[in-house]
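What follows is one structure encoded as structure tokens, with my remarks underneath.
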Amino acid sequence: MSGILVVAETRAGALRDVSFELVGAGRAVAQAAGVPLQVAVVDAEPERFAEALSAEGVAELLLVRAPAPHFDPRFARTAIEALIAELDPDVVLMGHTVDALGVGPAVAAVGGLGFASDVVALRWEDGLVACRGAYADKLVAELDFPGKPRVLALLRPGAFAPAEAGVQAGAVRELAVAAGEPSVEHAGYREPADDGGVDITKADFLLSIGRGIEDADHLPRFEALAERIGAVLSVSRPLVDAGWASNARQVGQSGKTVAPRVYLALGISGAVQHVAGMRGAGTVIAVNTDPEAPIFNVADYAAVADLFEVADELERLAG
Ligand SMILES: Cc1cc2nc3c(=O)[nH]c(=O)nc-3n(C[C@H](O)[C@H](O)[C@H](O)COP(=O)(O)OP(=O)(O)OC[C@H]3O[C@@H](n4cnc5c(N)ncnc54)[C@H](O)[C@@H]3O)c2cc1C
């Protein structure tokens, strides 16, 4: 047993949130396997992240200095291959992100590693077991990797509990990697339309509405209700498809994975593709007129009720 290697991710000079989720997931696997956790960061100024990434349970932090401040898949691949050669890890964890998708599969294919993308849960059973959706998330597939002494897994952002950032740098060393020729030219960053900066993945309390609200004209009422009860508004996909809400607010397989403390679902049936994005919620409260609605299978509190009547009551209570 050699260890678990987490490859943290940075963008535009900042650590991405998924880095801490990778450290959290890596720490749990390392503890279960009884091996050390090593964390690597590839960046033009990697030392800037040494403190934050030295989270509890991190045995060693490796800094790889990139030749440019922007992601370059060729350099990233060279760096990760150098890290693997240096550390000989059993498991390599990266984010299921647009950057890591440009490098992880290539590292796995060329190196003959076991590989899984979009992983939503991990276990250790004498080897890594990775869980991911199958058949449009109708099933959860559990993958093991017979005959593969080393596995690379890309973890879905938002699906794993993040580690707390470290407070002081532990064992840190720099690994020199030859720069080589750049493979991309960075044209600049453009922020996506973000619905006023809303980030439903960070919300503590989500008021989530579905097709049960019937009409776009009812939307302002739920926006106002969310604000009054201290929740962030999120939606199921049909509301996005209909143009009633922005993609930034969609929960689910093709939307965001959320993990609020409270998820209040009004008029959402609970299709597997929706549940895929909210099964990490703490307490789920579901309101639906249909007693057979599948959302009730994942609800902690279920109300077979008209969502408009529930909204009336919440408005009354909110004063
Ligand atoms: C590849 C793929 C990816 C997808 N990705 C996503 C995704 O990311 N997110 C997502 O949400 N969906 C996704 N979907 C769509 C998903 O399959 C469902 O169609 C969708 O989640 C249904 O949304 P809904 O529950 O709001 O609507 P419906 O299924 O139409 O449910 C509406 C619910 O409201 C209830 N209702 C009606 N009136 C009232 C009332 N007055 N009071 C209380 N309850 C009421 C009904 O009983 C019903 O259960 C995806 C589908 C595919 C194929």
Side-chain angles (χ1 to χ4, degrees), residues 96-98 101 117-120 131-141 155-159 192-195 198-203 206-226 229 231-260 262-281 284-317:
H96 184 77
T97 62
V98 68
L101 278 163
S117 60
D118 203 15
V119 171
V120 295
C131 304
R132 68 191 304 281
Y135 298 103
D137 265 354
K138 286 193 166 60
L139 297 176
V140 175
L155 309 192
R156 184 190 290 189
D194 65 356
D195 198 358
V198 70
D199 184 355
I200 61 170
T201 65
K202 297 216 173 75
L206 284 175
L207 168 60
S208 208
I209 52 175
R211 191 146 45 189
I213 71 156
E214 293 170 3
D215 198 298
D217 290 346
H218 294 143
L219 200 70
R221 176 179 183 188
F222 294 96
E223 286 167 346
L225 177 61
I229 62 176
V232 174
L233 192 74
S234 58
V235 301
S236 66
R237 177 163 160 173
L239 277 68
V240 176
D241 290 346
W244 300 357
S246 80
N247 189 261
R249 293 194 189 262
Q250 182 188 322
V251 173
Q253 180 195 326
S254 51
K256 300 268 164 49
T257 301
V258 297
V262 178
Y263 190 80
L264 171 56
L266 303 183
I268 293 178
S269 58
V272 280
Q273 296 88 356
H274 185 83
V275 172
M278 49 69 72
R279 55 165 74 96
V284 177
I285 307 164
V287 178
N288 200 301
T289 43
D290 175 6
E292 304 294 327
I295 191 80
F296 290 142
N297 297 332
V298 294
D300 300 285
Y301 297 96
V304 179
D306 184 311
L307 69 91
F308 295 103
E309 288 174 20
V310 172
D312 288 342
E313 195 59 19
L314 286 171
E315 283 161 358
R316 196 182 62 75
L317 289 170

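Both ligands and their constituent atoms are indexed starting at 1 by order of listing.
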For ligand 1, which atoms sit closer than 4.0 Å to a heavy atom of [X]?
X: Gln253; value: 1 (C), 7 (C), 8 (O)
X: Ser236; value: 11 (O), 23 (O), 24 (P), 26 (O)
X: Ala305; value: 42 (N), 43 (C)
X: Gly252; value: 7 (C), 8 (O), 9 (N)
X: Val251; value: 7 (C), 8 (O), 9 (N), 10 (C), 11 (O)
X: Ser254; value: 3 (C), 4 (C), 5 (N), 6 (C), 7 (C), 8 (O)
X: Gly210; value: 26 (O)

Using a plain distance cutoff, I'd like to know if [X] has any nitrogen or oxygen under 3.5 Å from a nitrogen or oxygen of ligand 1.
X: Gly255; value: yes
X: Pro238; value: no
X: Glu214; value: no
X: Gly267; value: yes

- Task: Run the numbers on Leu239 and Gln250 for side chain to side chain contact (heavy atoms under 4.5 Å, CB included), then give the verdict.
- Result: CA-CA 8 Å; Leu239 277 68; Gln250 182 188 322; over 6 Å; no
What I'd like to find out is whether the side chain of [X] reaches to under 4.5 Å of the side chain of [Y], using heavy atoms alone.
X: Tyr263; Y: Ile268; result: yes
X: Val284; Y: Tyr301; result: no
X: Asp217; Y: Trp244; result: no
X: Val232; Y: Lys202; result: no
X: Ser254; Y: Arg237; result: yes
X: Arg279; Y: Val298; result: no
X: Val235; Y: Arg249; result: yes

- Task: Evaluate the side chain to side chain contact (heavy atoms under 4.5 Å, CB included) criterion for residues Ile209 and Leu233: first the C-alpha distance (whole Å), next the side-chain angles of each, then the deciding distance (0.1 Å), finally the verdict.
- Result: CA-CA 8 Å; Ile209 52 175; Leu233 192 74; 4.1 Å; yes
Distance from [atom] to nearest protein heavy atom, with residue and atom:
atom: atom 4 (C) of ligand 1; result: Arg237 NH1, 3.2 Å
atom: atom 14 (N) of ligand 1; result: Gln273 CB, 3.6 Å
atom: atom 49 (O) of ligand 1; result: Asn288 ND2, 2.8 Å
atom: atom 40 (C) of ligand 1; result: Leu307 CD2, 3.7 Å
atom: atom 19 (O) of ligand 1; result: Arg211 NH2, 4.4 Å
atom: atom 45 (C) of ligand 1; result: Thr289 OG1, 3.4 Å
atom: atom 41 (N) of ligand 1; result: Asp306 OD1, 3.6 Å
atom: atom 29 (O) of ligand 1; result: Ser269 OG, 2.7 Å

- ligand 1-proximal atoms of Ala271, by part, heavy-atom distance under 4.0 Å: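 Side chain only.
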- Message: For a side chain to side chain donor-acceptor pair (under 3.5 Å) check, start with the C-alpha distance between Ser236 and Arg211, then their side-chain angles and the critical distance, and finish with the verdict.
- Response: CA-CA 7 Å; Ser236 66; Arg211 191 146 45 189; over 6 Å; no
- Message: Given Gln250, His274, Glu292, identify the one with the heavy atom nearest to atom 7 (C) of ligand 1.
- Response: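 Going through Gln250, His274, Glu292 one by one, Gln250 has the nearest heavy atom to atom 7 (C) of ligand 1.
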- With the threshold set at 4.0 Å, does a side-chain nitrogen-carboxylate oxygen contact exist between Arg221 and Asp312?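 Yes, this pair counts.
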- With side chain to side chain contact (heavy atoms under 4.5 Å, CB included) as the test, would you mind laying out the steps for Phe296 and Val304 before giving the verdict? CA-CA 9 Å; Phe296 290 142; Val304 179; 4.0 Å; yes
- Query: Side chains of Arg132 and Ser117: is there a donor and an acceptor less than 3.5 Å apart?
  - Reply: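 There is such a pair (donor and acceptor under 3.5 Å, judged by atom type) between the side chains of Arg132 and Ser117.
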